[in-house]
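Structure, as C-alpha cells:
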Amino acid sequence: MKTNFVEELRWRNMLHDMTPGAEEILTSEMVTGYIGFDPTADSLGVGNLVQIMTLLHFQRAGHKPIALVGGATGMVGDPSGKSAERNLLDETTLRHNQNCQQAQLEKFLDFNCGENSASIVNNYDWFKEMSFLEFIRDVGKHITVNYMKAKDSVKKRLERGDGDDASEGMSFTEFTYQLVQGYDFYYLWKNKNVKLQMGGSDQWGNITTGTELIKRKDSGKAWALTTPLIKKSDGTKFGKTESGNIWLDPKRTSPYQFYQFWLNAFDDDAKNYIRIFTLKTKEEIEALEAEHALDPGQRKLQKALAADITARVHSPEAVDMAIEAAGILFGKGTIETLRKLSVEDMESVFEGVPSKVILRAELEAGIPLLELLADKTGFQESRGDARKLVQQNGFSLNKEKTTDIGLVVNTTHLLNDKFILLGQGKQKNFLVKID
RNA sequence: GGGGAGAUAGCCAAGUGGCCAACGGCAACAGACUGUAAAUCUGUCCUCUUACGAGUUCGAAGGUUCGAAUCCUUCUCUCCCCA
C-alpha cells in the first residue's frame, strides 16, 4: 500500500519547504529523487538518519530514491552552516568513507523491489573526467556570480558583522561548491530522469542552484524539497553528546550507547524524534504520548523510541542487551545482582560499555585507586581528574560509592574473579577485565 | 604592493609593568533534588600535589627590567579596506 509522501512528511513535522509544484508532481507520478551524503567520516551518524528516513518514506510512497555519495563534493567542502573554511580530505580517505557509508545505506532502503528500487550513485564518477575548462564553459557560464552571492550560505560568510567582528572570508573553492552540487542535480536530471532533490533546510540554496541550472541550461523543470533541521529543545546540536557524535557503526558507537542516546532524550524532543525516526503510525504515536503523559518518569516514549531505532539500526537482540545492561547499571543494580551474574552474562551485557583489560599479576600486587583510574585504564584523563572525581563523591567501585583516595585495589574487589566496575556520576560506567 | 585591525586557557572575552594561574560569560564535570530528565542551588574547572605548595602558561623567538600577558626587536598567522 502506498502512502502519500508529502502528507506523510507533513504530519511527522518533516517538511520544511518545497518549490512550487512539487506536491503536484509527487502525487501524480512516480518521481525519482535523491539526497546527497557527505563522505566526511566512514560512518553515517544519527544526524544523517533524518535524510535516510526521508528517502525511506519517499520509497514507501512508491517513488524511486537515489542516495548520492558525495565523492566529488566531499573534496570541495560545503560552506553551508560552517563559519570557517573546511579541511579537505584526501582521495583515499574519501574512497574508504564512501564504501562504508554505502554499506550502511543498503540496510535501510530496498534495492530490489522492481521499478522503484533504490540506487546509489557517486558524483565522483562524473566529475573525475571533467576538466576545469569544461566545467566553467558548460556549467559556470549559466549561473551568475550575483545569483551565487545571494545565497545565505555565501552571504553569511562574506558579510561583515555589524562593525566589530570581522567575517571569516571564504575561498574560491567553497564559493564554487553550490555550482558543483548544482551540476549533480543537472547531471542526474539529464541522465537518470531525476526530478527532485531533497535535503536538510540548510541545503535549500544548493538545491535551488541545481533547479536554476536545469532551467537555464536546458529549460528543464525540477523541484526541491527540504526537511527541518533538528534542534534539541535546549538549543544544542542534535546527534552529539559530550563524548562526541552518535554513529550508526557499532564499532564507533556501541548499540548500548546508541540505545542510551535515545533513552536520554528530553520529553519534548522524544515526541519530535518518534515521528521522525520511527515508522510508527500516527495512532500508535498518540497512544504512546498519552501513556507517557500519565507518568513521565517511566519514560515510555523514550523507551519505545530507543527500542525501535536501535532494533532497526542494529538488531532486536541488541535492544534486549541494551535493556538488560541498563537494568543492571541503573536499576536496583546493587553489588549483589552484579555478583550473581555469570562471566558470560557480564561479557555480553556489558559489551557496549567501555572497557580495558589489565593483567592479573598487576592487580595481585595491588593498584592504587588513582593510578587504576588514570594510568591503567584511561577511564579518567589524569590522576588529577580521578582525584577530583573521587573527592567529590562522584566515583563508585562496583556500584558502591567511595571517597577513599588512598584505596588500593586488589583481587578482593573482583566480581566473578574477573571484573571490576568503575562508575563516574550516574551515567558513566567502565569495565575493567582481568586477564 | 599600500593602509588598518587583531592573535589571552575548550569557546567567547577582560586585563596594557608587580595586587595575574590571569575578572566575567558559555560549555564541561561532580553533588543535592529528580525520572539514568529539565529547571534550580552548591562545588570543581592549566599540570602535579592529602595539604602547605611547586611547575609550566597569555601566537613564536629573542631582549629591557629586581619583576612582563602587559615595554622593545624580529618572525608567523588571521581578517578588513585600497591597488
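All values reported here derive from a predicted model rather than from experimental measurement. So you know, we letter chains A, B, ... as the sequences are listed, proteins then strands, and number each from 1. Side chains included, hydrogens not; waters and symmetry mates left out as well; all remaining heavy atoms used.
- Side chains of Thr403(A) and Gln391(A): no donor on one and acceptor on the other come within 3.5 Å.
- Rounded to whole Å, the separation between the P atoms of A21(B) and U56(B) comes to 14 Å.
- Remark: G6(B) base-pairs with C77(B); criterion is Watson-Crick or G-U wobble with both hydrogen-bond distances under 3.5 Å.
- Partners of Arg275(A) by salt bridge (charged side-chain N to carboxylate O under 4.0 Å, His left out), not counting sequence neighbours, listed by chain and number: Glu289(A).
- A38(B) atom P lies 16 Å from atom NZ of Lys271(A), rounded to whole Å.
- Remark: C1' of A30(B) and CD of Gln380(A) are 10 Å apart, rounded to the nearest angstrom.
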Anything under 3.5 Å between a protein N or O and an N or O of nucleotides 48-52 of chain B, put it in a table, one pair a line.
| from | atom 1 | to | atom 2 | distance (Å) |
| --- | --- | --- | --- | --- |
| C48(B) | OP1 | Ser382(A) | OG | 3.2 |
| U49(B) | OP2 | Arg387(A) | NH1 | 2.9 |
| U49(B) | OP2 | Arg387(A) | NH2 | 2.6 |
| U50(B) | OP2 | Arg387(A) | NH2 | 3.2 |

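- Going from the C1' atom of C58(B) to that of A13(B) covers 13 Å, rounded to whole Å.
- Evaluation of atom-type donor-acceptor distances gives no pair under 3.5 Å for the side chain of Asp295(A) against the base of G35(B).
- C71(B) is paired with G63(B) under the criterion used here, namely a Watson-Crick or G-U wobble arrangement in which both key atom distances are under 3.5 Å.
- Rounded to whole Å, atom P of U36(B) lies 24 Å from atom CZ of Phe430(A).
- With hydrogens and angles ignored, a donor-acceptor pair closer than 3.5 Å exists between the side chain of Gln392(A) and the base of G43(B).
- Taking atom CG on Asp269(A) and atom P on A38(B), their separation rounds to 11 Å, with Å as the unit.
- Residue-level contact check: Ala265(A) touches neither bases nor backbone, having no heavy atom under 4.0 Å from any strand.
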With salt bridge (charged side-chain N to carboxylate O under 4.0 Å, His left out) as the test, would you mind laying out the steps for Glu7(A) and Arg12(A) before giving the verdict? CA-CA 9 Å; Glu7(A) 273 310 315; Arg12(A) 290 181 187 271; over 6 Å; no
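- Comparing the same atom, C1', in G2(B) and in U8(B) gives a spacing of 30 Å after rounding to whole Å.
- Side-chain atoms of Lys401(A) lie closest to G31(B) of the nucleotides U36(B), G31(B), G35(B).
- Applying the ring pair (Phe, Tyr, Trp, His ring centres under 6.0 Å) rule to Tyr124(A) yields no partners; only residues at least two apart in sequence or on another chain are considered.
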List the steps, then state whether salt bridge (charged side-chain N to carboxylate O under 4.0 Å, His left out) holds for Asp267(A) with Lys271(A). CA-CA 7 Å; Asp267(A) 292 10; Lys271(A) 290 178 189 167; over 6 Å; no
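- Between Tyr273(A) and Phe277(A), the angle of the ring planes goes over 60°, which puts this pair in the perpendicular group of the 30/60° scheme.
- Base pairing of U16(B) is not made with any nucleotide, judged by Watson-Crick or G-U wobble geometry with both donor-acceptor distances under 3.5 Å.
- Regarding Leu422(A), its CG atom lies at a distance of 14 Å from the P atom of A30(B), rounded to whole Å.
- C45(B) sits 14 Å from G25(B) when the C1' atoms are compared, rounded to a whole Å.
- For Phe330(A), taking side-chain heavy atoms from C-beta onward, the closest of the listed nucleotides U36(B), G35(B), A37(B) is U36(B).
- Less than 4.0 Å separates RNA chain B from at least one heavy atom of each of the following residues of residues 296-318 of chain A: Pro296(A), Gly297(A), Arg299(A), Gln302(A).
- Distance Gln424(A) CD to G31(B) C1': 13 Å, rounded to the nearest Å.
- Spacing of C1' atoms, G59(B) relative to C77(B), comes out at 8 Å, to the nearest Å.
- Asp385(A) meets the side-chain hydrogen bond (donor to acceptor under 3.5 Å, both in side chains) test with no other residue; sequence neighbours excluded.
- A gap of 30 Å separates the C1' atoms of C72(B) and C12(B), to the nearest Å.
- Spacing of P atoms, A28(B) relative to C19(B), comes out at 33 Å, to the nearest Å.
- Figure legend: cation-pi geometry between Arg216(A) and Tyr147(A), with NZ or CZ positioned under 6.0 Å from the six-membered ring centre and within 45° of its axis.
- Contacts of Asp268(A) with the nucleic acid, taken as non-hydrogen atoms under 4.0 Å apart, are absent.
- Between Trp262(A) atom CH2 and G35(B) atom P there is a gap of 25 Å when expressed in whole angstrom units.
- Listed candidates were U36(B), A30(B), A38(B). Nearest to the side chain of Gln260(A) is U36(B).
- Nucleotide A30(B) forms a Watson-Crick or G-U wobble pair with U42(B), both donor-acceptor distances falling under 3.5 Å.
- OP1 or OP2 of A30(B) has not a single side-chain nitrogen or oxygen of Gln427(A) nearer than 4.0 Å.
- Counting to the nearest Å, the C1' atom of A30(B) and the CG atom of Leu373(A) are 14 Å from each other.
- Electrostatic pairing of Asp435(A) and Arg360(A) does not count as a salt bridge here, judged by no charged N lying under 4.0 Å from a carboxylate O.
- Using cut-offs of 30° and 60° for the angle between ring planes, the Phe58(A) and Phe5(A) rings count as perpendicular.
- Taking atom P in both A22(B) and C29(B), one finds a spacing of 25 Å when rounded to whole Å.
- Residues passing the salt bridge (charged side-chain N to carboxylate O under 4.0 Å, His left out) test with Glu286(A), sequence neighbours excluded: none.
- Between Asn122(A) and Arg95(A), the closest side-chain pair of non-hydrogen atoms falls below 4.5 Å.
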